[in-house]
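One structure is given below, encoded as structure tokens.
By convention in this document, chain letters (A, B, ...) are assigned in the order of the sequence lines, proteins followed by strands, and residues within each chain are numbered from 1.
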Number of protein chains: 2
Amino acid sequence: MADVAKLAGVSRTTVSFILNNVPDTNIPDATRQRVLQTARELNYMPNAQALNLATGKTMMIALVVRQTSEQMSGDAFAGEFIRGVTGVIEAENYHLVIHAAEPDARESTYGKLVRTHKVDGLLISSPLVNDQEVKLLYREETPIVLHGAPDTQDIPSVDVDNRQGAYMAVRYLIDLGHRRIGHISNAPFSYASSSDRLDGYCQALEEAGIPYDESLVLAGEFTASSGYEPMRALLDLPNPPTAVFVGSDMVALGAMEAIRSRGARIPEDISLVGFDDILYARYTMPPLTTVRIPAYELGRSAGDLMLKIIRGESLPGTRILLPTELVVRRSTIKCPA
Amino acid sequence: MADVAKLAGVSRTTVSFILNNVPDTNIPDATRQRVLQTARELNYMPNAQALNLATGKTMMIALVVRQTSEQMSGDAFAGEFIRGVTGVIEAENYHLVIHAAEPDARESTYGKLVRTHKVDGLLISSPLVNDQEVKLLYREETPIVLHGAPDTQDIPSVDVDNRQGAYMAVRYLIDLGHRRIGHISNAPFSYASSSDRLDGYCQALEEAGIPYDESLVLAGEFTASSGYEPMRALLDLPNPPTAVFVGSDMVALGAMEAIRSRGARIPEDISLVGFDDILYARYTMPPLTTVRIPAYELGRSAGDLMLKIIRGESLPGTRILLPTELVVRRSTIKCPA
DNA sequence: GCGGGTTACTAACGCGAGTTACTAATACCA
DNA sequence: TGGTATTAGTAACTCGCGTTAGTAACCCGC
């Protein structure tokens, strides 16, 4: 910048004024053009580090994800979510820093990110249920957006409407005539997504006057293999379900294998609905009916909300819930009985 | 830092010396302990922005990915790769910035990242074949590591050994007695990965004395659906192959569908080998024989190489090729004829 | 031809560190 | 006792920018 100033025959201050379009500064057009021209000639690029120090902003936002992210690696969700976030924030000249949170570190490692002024805000995916650090940072006015967190806090958050999605799926099975409907969750019920999906399942049953039978509800744990045993257990019941709502397509893969291993047919003997609409869902045999999650849009919402918070435009306690969509394929059929 | 200095009754310089363990500075242990103690009491955290400006380093590394990344979204590769990179670089206090490259912008957007001192180095995934900007940045001594690039340049790069992986896969089919082996690529042959895998295919054929038949070689394009038509075309040949090596598991899914649509059986009528070992590969029917890519290790290698380059420890022209692994499942069988 | 207002700038400080060059006080030795 | 090393520090500069306060030069009207 000093070079530009010298070459254009003005002070550094003037160059700064011109390049930043500072208002109320009487600079004649001749000078302005001359400075802009020499800046172009010298291919001047502002030093972001100095700019950060002067303005106090880093123009960086961190996406904090769990290290052992079975949730993430299961499908294209992470990639799409990230695409959504970067799409929004890079348009405003922010950048995304990916930060792998230690799975069970005593002291959270992401607090340092904002306390050392490495990033301006935190996008935290699937925070631990009772993470005190998050609440502390929030009270310190750190811009924070949560994803996949329970709704108990007033910290801004985005998520997919898990309850509504599950409700839709189970409601669909009920409409097909099924009355005995099992459920295998995507994850242990301590996770917000699992318990919300269970809620939707229960709500649909209740609305249809079907009593809740806890022997029909079992927990999966992210992976396909975690769906195998629960499904076998359901099939071994004296009065097995005619349909099962699985809280995750990956887990449903294991369930399908279990069904095949028993010689039962999908959907003739048992209807199956998954959740997520992973890429493979349309290539299973038969193609899997499932609930689509708008991962890209979720990323956009998260990024957008973060920018609003940083600009101070956001109301406290904002929670954005994106609707899901039922994708009917061929793993579901009218209840035969 | 000034606060610490004042409270400990020393100058800021002394604090800086102590906290940074600067050698050859005669500071008695009493003073040292006192300063460290007050730093702890004040919960002092260095301001990364100021530190960056002073040292000239940003401690940030950018991962540049294509915006329209069918390659990335196809499976868990991206997530695993990123985990690998962050695992390595965060241990050295570096952070990873994800940057979505405009698909076909006139001027590359990632050059700015390093020219404005936002990041210290560039990890570029699947760069365009003739990206002049990359070469320019490299000549400017920017730390760069390429992934998924052709080997024609002396820019440091990491990749999986595509040629060897393809060779292994085709060699396996040949060992099973197949002589008429088709190939559907993972992407257009302008991509380095596709042409390398084709090379491996050719090498295996040549070694076995099987003449190359160009009617048996067709191009896929990342997605499952792109595998459908090529497979139909192979099946419609007057003398169809008894085995097909598909350069991507996703593409293989489409191929399997095509095979089923013709009423042919896998592997009895046609053996199939994929590439990538996506999560879903073991749940196809039948489970897919494929070539596993070590995505996590690839990420670690990339991060490690980047750190070495930044430290000036790397020899120019370093190219790291990680071996693949053949995963035999049930989509391949001895040639019946 | 003198005061007041505008125009067109610039000097200087601050952001929070790293770093160099220098000094005052003490210790040691002859 | 005088001279020299060593010890224990510090003042001041730098990094590249934003920003505030201030100032010369000119114009206008009376």
Side-chain angles (χ1 to χ4, degrees), chain A residues 1-39 42-60 93 112-120 310, chain B residues 1-40 42-60 93 95 112-120 310:
Chain A
M1 195 158 180
D3 295 347
V4 175
K6 192 176 300 176
L7 213 83
V10 294
S11 75
R12 208 180 48 68
T13 308
T14 305
V15 177
S16 174
F17 283 165
I18 292 174
L19 293 182
N20 295 320
N21 267 320
V22 176
D24 301 329
T25 135
N26 302 313
I27 294 171
D29 210 52
T31 310
R32 187 177 295 273
Q33 291 310 324
R34 180 161 39 92
V35 168
L36 287 175
Q37 178 60 27
T38 66
L42 291 183
N43 193 23
Y44 168 73
M45 298 229 170
N47 180 316
Q49 306 174 104
L51 210 151
N52 290 344
L53 183 56
T55 61
K57 309 185 68 175
T58 66
M59 306 307 281
M60 295 273 174
N93 211 21
K112 250 180 86 172
L113 276 180
V114 31
R115 297 215 172 86
T116 59
H117 295 260
K118 274 181 183 299
V119 303
D120 291 336
I310 288 178
Chain B
M1 195 156 180
D3 296 348
V4 176
K6 192 175 301 176
L7 212 83
V10 294
S11 74
R12 212 180 46 68
T13 308
T14 305
V15 177
S16 174
F17 283 166
I18 291 174
L19 294 182
N20 294 319
N21 266 318
V22 177
D24 301 329
T25 135
N26 302 314
I27 294 171
D29 210 52
T31 310
R32 185 176 297 271
Q33 292 310 325
R34 179 159 40 94
V35 169
L36 288 174
Q37 177 60 27
T38 66
R40 229 174 293 124
L42 292 182
N43 194 20
Y44 168 73
M45 298 228 172
N47 180 316
Q49 306 173 103
L51 211 151
N52 290 345
L53 182 57
T55 60
K57 310 186 67 175
T58 66
M59 305 308 280
M60 296 271 176
N93 212 20
H95 293 272
K112 250 179 87 172
L113 275 181
V114 29
R115 296 213 173 88
T116 58
H117 295 260
K118 273 180 184 302
V119 303
D120 291 337
I310 288 178

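Of the two residues near DNA chain D, B/Leu53 and B/Ile27, the one whose nearest nucleotide lies more 5' is B/Ile27.
Between B/Thr31 and D/dA8, a side-chain N or O to OP1/OP2 separation shorter than 4.0 Å is absent. Between C/dT10 and A/Thr14, a contact under 4.0 Å exists linking OP1 or OP2 to a side-chain N or O.
Atom pair A/Lys6:NZ and C/dT10:P shows a separation of 14 Å (rounding to whole Å applied). Distance, B/Lys57 NZ to C/dA17 P: 18 Å, rounded to whole Å. Between the CD atom of B/Gln49 and the C1' atom of C/dG16 there is a distance of 9 Å, given to the nearest Å. In this structure, the CG atom of B/Asn52 is 11 Å from the C1' atom of C/dG16, given to the nearest Å. Summarising the geometry, the separation between CG on A/Asp24 and P on C/dA8 is reported as 14 Å, rounded to the nearest angstrom. For the pair A/Asp29 CG and C/dC9 C1', the interatomic distance rounds to 16 Å; values are reported in whole Å.
Within the model, atoms CE of A/Met45 and NZ of B/Lys118 stand 12.0 Å from one another, a figure rounded to the nearest 0.5 Å. Distance check, rounded to the nearest 0.5 Å: CG of A/Asn52 to CE of A/Met60 gives 7.5 Å. In this structure, B/Leu42 CG and B/Thr38 OG1 are separated by 6.0 Å, a value rounded to the nearest 0.5 Å.
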Report, one pair per line, the protein and nucleotides 18-25 of chain D atoms (nitrogen or oxygen only) whose separation is under 3.5 Å.
residue: D/dG18; atom: OP1; partner: A/Asn20; partner atom: OD1; Å: 3.3
residue: D/dG18; atom: OP1; partner: A/Asn20; partner atom: ND2; Å: 2.7
residue: D/dG18; atom: OP2; partner: A/Ser16; partner atom: OG; Å: 2.8
residue: D/dG18; atom: OP2; partner: A/Asn20; partner atom: ND2; Å: 3.3
residue: D/dG18; atom: O6; partner: A/Arg12; partner atom: NH2; Å: 2.8
residue: D/dT19; atom: O4; partner: A/Thr13; partner atom: OG1; Å: 3.4

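Side chains of B/Gln37 and B/Arg40: a donor-acceptor N/O pair is present below 3.5 angstrom, by distance only. Defined by atom type and a distance below 3.5 Å, a donor-acceptor pair is present between the side-chain atoms of A/Thr14 and A/Ser11.
Counting non-hydrogen atoms under 4.0 angstrom, A/Asn26 reaches a base of the nucleic acid.
Of the possible polar contacts, one joining the B/Thr58 side chain to the B/Asp120 backbone as a donor-acceptor pair under 3.5 Å is found.
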